[in-house]
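Quick note: residue numbers are just sequence positions, from 1. No hydrogens, no waters, no symmetry mates; every other heavy atom, side chains included, goes into these values. One-based numbering, in listed order, for ligands and for the atoms of each.
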Amino acid sequence: MPEPASDALPPVLISEAAIGARVEELARRISRDYAGAGELVLIGVLRGAFVFLADLSRRLKVPCRVDFVALSSYGDGSPSSGAVRLVMDLRVDVAGKHVLVVEDIVDSGHTLAYLVAMLRARHPASLKTCVLTRKARRLETDVTLDYVGFDIPDRWVVGYGLDYNDRFRTLPYIGAL
Ligand code: IMP
Ligand code: MG
């Protein structure tokens, strides 16, 4: 992939307004699905999910607690080969809790599958996943995506938390390189 010029902004794939509307819709569905269930533990995957989690969590109408994990693929930041490493664990004990994993993007699915397996072993009351974007490439794992924001083409996307070599994370929209 060619390195973009440092002052060039990537073209818009999903606008700020479209993201806002979709996040609102997801929040409405999640609030409805968990109504009356008690406290929900939102688990954000660092670093990409921090923007999505911040926006989603503030729109939820159910009581929430927020925690984070940091995961990393062995090697560079390109789509993972399946080898995932836990860099920072949760502080919350999720046993007996309703847990919703919040992720920015799912490509092969290896990262999410690793996290779901790790969390399931801790016996939450329930465990679901919410991803803002899903790439067109077929999942290489059978991880279940319960809430999906957008289906996107198989391109490298940045912005709204997503990076390319740690750049573009703070763009308010999702752009394609
Ligand atoms: P997977 O394990 O192949 O599903 O890849 C998921 C992880 O790869 C995400 O958590 C991101 O960190 C990263 N990733 C995959 N595609 C992109 C992209 O287009 N832009 C930014 N990060 C990406
Ligand atoms: Mg991520």
Please compare V106, V157, T133, L162 and report which has the shortest non-hydrogen distance to atom 20 (N) of ligand 1. V157
Close approach of E103 to ligand 1, heavy atoms, under 4.0 angstrom: yes
Using atom types as modelled, flag every donor-acceptor pair under 3.5 Å from a side chain in residues 26-34 to any protein atom, sequence neighbours excluded.
unit_1 : atom_1 : unit_2 : atom_2 : d
S31    : OG     : A27    : O      : 2.7
S31    : OG     : K61    : N      : 2.9
D33    : OD2    : Y147   : OH     : 2.6

Between I105, L13, V131, flag the one that comes closest to atom 13 (C) of ligand 1 by a heavy atom. I105
Counting only pairs under 3.5 Å, give me each side-chain donor-acceptor contact of residues 114-121, with atom names and distances, residues two or more places apart or in other chains.
none

Going by atom types only, do H98 and S126 share a side-chain donor-acceptor pair under 3.5 Å? yes
Near T111, which atoms of ligand 1 are under 4.0 Å from a heavy atom of that residue? 1 (P), 2 (O), 5 (O), 6 (C), 7 (C)
Tell me whether R47 is salt-bridged to D166, with the criterion being a basic N under 4.0 Å from an acidic carboxylate O. yes
S72 and side chain to side chain contact (heavy atoms under 4.5 Å, CB included): which single residue from V87, V84, T111 fits? V87
Sub-4.5 Å side-chain heavy-atom contact between M88 and V69: no
Run the side-chain contact (heavy atoms from CB on, under 4.5 Å) check on L90 and I43 step by step: do they pass? CA-CA 8 Å; L90 295 171; I43 298 182; 3.7 Å; yes
Backbone or side-chain N or O of G109 under 3.5 Å from ligand 1 N or O: yes
Side chain, backbone, both or neither: which part of R155 has a heavy atom under 4.0 Å from ligand 1? backbone
Which atoms of ligand 1 sit under 4.0 Å from any heavy atom of D163? 21 (C)
Please determine whether any non-hydrogen atom of D104 lies less than 4.0 Å from an atom of ligand 1. yes
May I ask you to list the atoms of ligand 1 that are less than 4.0 angstrom from any heavy atom of S108? 1 (P), 2 (O), 3 (O), 4 (O)
